[in-house]
Amino acid sequence: MTIKEQKEIIITELQSISESPILEATELIIFATDLDRSKILYSQNEQLSSAEQRLIKKCVAKRKKGVPLQYILGEWEFYSLPFKVGKGVLIPRADSELLVDLVLEEVGCDEQKTLLDLCSGSGALGIAVAKNAPNLTVTLVEKSRKAFRYLKENISLNKSKAKAVRADIFKWKPKEPSDIVICNPPYITKDEMSKLQKEVKMEPTAALFGGKDGLKFYRYLSGNAPKFLKSGGKMYVEIGYKQASEVKALFESSGFEQVEVFKDLSGNDRVVSAALK
Ligand SMILES: C[S@@+](CC[C@H](N)C(=O)[O-])C[C@H]1O[C@@H](n2cnc3c(N)ncnc32)[C@H](O)[C@@H]1O
């Protein structure tokens, strides 16, 4: 079977369960063949080995059971960097790149600062910031044992100098507060949890569920900010697209100023930033 024929079969198989079957077919073929991404267009008439076809068949069967493509591939790109992902860790989302952009803009050339990435999961946010601001001292904090393994692996994979701490942010206290705190916490509400897409349900509940109203982590971070953040320092949190006004109000009533909301490329409220007085 040629690559072109195989691609058509995958597209047909995934059409009813995927929003992007063409992209998924291409990714699965690259995964199974190890072909260079830039050469795939010119290799459409190349024959696939039977081992490659068997591997693709297995992957398609997993996909049809709802396993996210990223877990099948075992690696996903965020901010043009590779991140190992799999069961037990949240897949980094392109929408979160906005938070990294905002932090890098804030840091500018003055990189002699400290940054804390709370609820760091795969480490996508903190590692992306650390790679692009190499003099920044970055610490990543994650509670889940499984996610922490991916975090450590991703720090090595990206040859980052960032430090990882396995801890529960509700109990942990850093020795010193940082200049910048970033956090993409679990923020899905109880009602939303039951309505999640099949693929998202395969991601860890601990990475998604933010308490009954989805605001548990924002309440704690805004209410206990001096523990993590220096006076005059800035906090950046990712939010659910309906949470801007509630999160903004939490920060405004907890000793923060310059509370701002930023939209992602789809036009949804995505990040709240605030400076501690
Ligand atoms: C929404 S995910 C974000 C992961 C990553 N920052 C990203 O943007 O891809 C939230 C992460 O918080 C972690 N987490 C949940 N409760 C925590 C807690 N109490 N302390 C530290 N981490 C926690 C979860 O295990 C999960 O990895």
Side-chain angles (χ1 to χ4, degrees), residues 68 70-71 75-103 115-131 138-155 157-158 160 162-174 178 180-189 192-193 196-197 199-212 214-224 227-228 235-241 243 247 262 264 268 270-272:
Q70 295 88 337
Y71 282 1
E75 196 171 297
W76 198 241
E77 203 178 271
F78 177 82
Y79 222 78
S80 303
L81 297 169
F83 287 88
K84 295 284 177 195
V85 291
K87 206 168 181 311
V89 71
L90 190 97
I91 300 158
R93 309 294 207 265
D95 285 337
S96 305
E97 296 194 345
L98 169 66
L99 192 153
V100 177
D101 285 340
L102 292 169
V103 172
L115 179 144
L116 207 51
D117 176 5
L118 301 173
C119 299
S120 51
S122 65
L125 303 183
I127 294 173
V129 172
K131 286 297 284 184
V138 174
T139 306
L140 304 106
V141 185
E142 170 58 44
K143 178 183 174 191
S144 145
R145 192 181 296 274
K146 280 189 184 160
F148 193 70
R149 252 187 254 139
Y150 284 101
L151 170 57
K152 297 278 279 184
E153 203 180 342
N154 286 325
I155 287 177
L157 177 67
N158 285 290
S160 168
K163 284 196 204 87
V165 176
R166 191 170 157 247
D168 179 342
I169 65 155
F170 293 99
K171 296 179 185 154
W172 180 74
K173 188 172 186 287
S178 289
I180 299 170
V181 171
I182 62 175
C183 183
N184 175 17
Y187 55 68
I188 312 271
T189 66
E192 288 164 346
M193 283 300 288
L196 291 175
Q197 253 181 303
E199 282 81 359
V200 182
K201 279 188 183 152
M202 295 250 175
E203 295 186 85
T205 304
L208 303 169
F209 184 50
K212 193 167 186 286
L215 301 173
K216 180 179 159 186
F217 286 77
Y218 306 113
R219 223 169 258 125
Y220 184 75
L221 289 174
S222 55
N224 296 273
K227 192 162 115 170
F228 304 113
M235 189 175 294
Y236 295 81
V237 292
E238 180 166 326
I239 56 164
Y241 71 103
Q243 293 172 322
V247 174
F262 297 89
D264 61 24
N268 292 316
R270 184 58 59 198
V271 173
V272 170

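Whatever order the structure lists them in is the order used to number ligands and atoms, beginning at 1. By convention here, the first residue in the shown sequence is residue 1.
Listed by number with element, the atoms of ligand 1 under 4.0 angstrom from any heavy atom of Leu90 are 1 (C), 2 (S), 3 (C), 9 (O). Close approach of ligand 1 to Pro185 (heavy-atom distance below 4.0 Å) involves ligand atoms 1 (C). When each atom of ligand 1 is checked for a heavy atom of Gly121 under 4.0 Å away, the hits are 4 (C), 27 (O). Atom numbering of ligand 1 starts at 1 in the shown order; those under 4.0 Å from a heavy atom of Ala206 are 15 (C), 24 (C). Taking every non-hydrogen atom of Phe170 and a distance limit under 4.0 Å, the qualifying atoms of ligand 1 come out as 19 (N). Listed by number with element, the atoms of ligand 1 under 4.0 angstrom from any heavy atom of Ser144 are 25 (O).
For atom 2 (S) of ligand 1, the nearest protein heavy atom (residue, atom name, distance) is Ala207 O, 3.5 Å.
In this structure, Trp172 and Phe228 have parallel ring planes: the angle between them is below the 30° cut-off, well short of the 60° mark.
Judged purely by distance below 3.5 Å, without hydrogens or angles, the side chains of Glu142 and Ser120 never pair a donor atom with an acceptor atom. In this structure, a donor-acceptor pair under 3.5 Å is present between the side chains of Tyr79 and Asp101. Counting only N and O atoms by type, the side chains of Tyr220 and Lys227 include a donor and acceptor under 3.5 Å apart.
Between Tyr187 and Phe217, the distance from one ring center to the other does not fall under 6.0 angstrom.
Checking only distances, Ile169 does come within under 3.5 Å of ligand 1, N or O to N or O. Looking at ligand 1, you'll find an N or O of Asn184 within less than 3.5 Å of one of its N or O atoms. Considering backbone and side-chain atoms alike, Cys119 places an N or O below 3.5 Å from some N or O of ligand 1.
Geometric assessment of Lys143 against the ring of Phe170 yields a negative cation-pi assignment under the 6.0 Å and 45° thresholds.
Using a 4.0 Å cut-off between heavy atoms, Asp168 contacts ligand 1 through both its backbone and its side chain. Residue contacts with ligand 1 for Ala167 involve N, CA, C or O but no side-chain atom from C-beta outward (heavy atoms, distance under 4.0 Å). For Phe217, every heavy-atom contact with ligand 1 shorter than 4.0 Å involves the side chain, none the backbone. Contact annotation: for Ser120 versus ligand 1, heavy atoms closer than 4.0 Å belong to the backbone alone.
With respect to the salt-bridge test (charged N to carboxylate O, under 4.0 angstrom), the residues Glu203 and Arg93 qualify. Contact check on Lys84 versus Glu75 returns a salt bridge, with a Lys/Arg side-chain nitrogen under 4.0 Å from an Asp/Glu carboxylate oxygen.
The option with the heavy atom closest to atom 24 (C) of ligand 1, from among Glu238, Lys143, Glu142, is Glu142.
We find the CE-OG distance between Met235 and Ser178 to be 10.0 Å, quoted to the nearest 0.5 Å.
Ile182 pairs in a side-chain contact (heavy atoms from CB on, under 4.5 Å) with only one of the listed residues (Leu99, Val237, Leu140, Leu116), which is Leu99.
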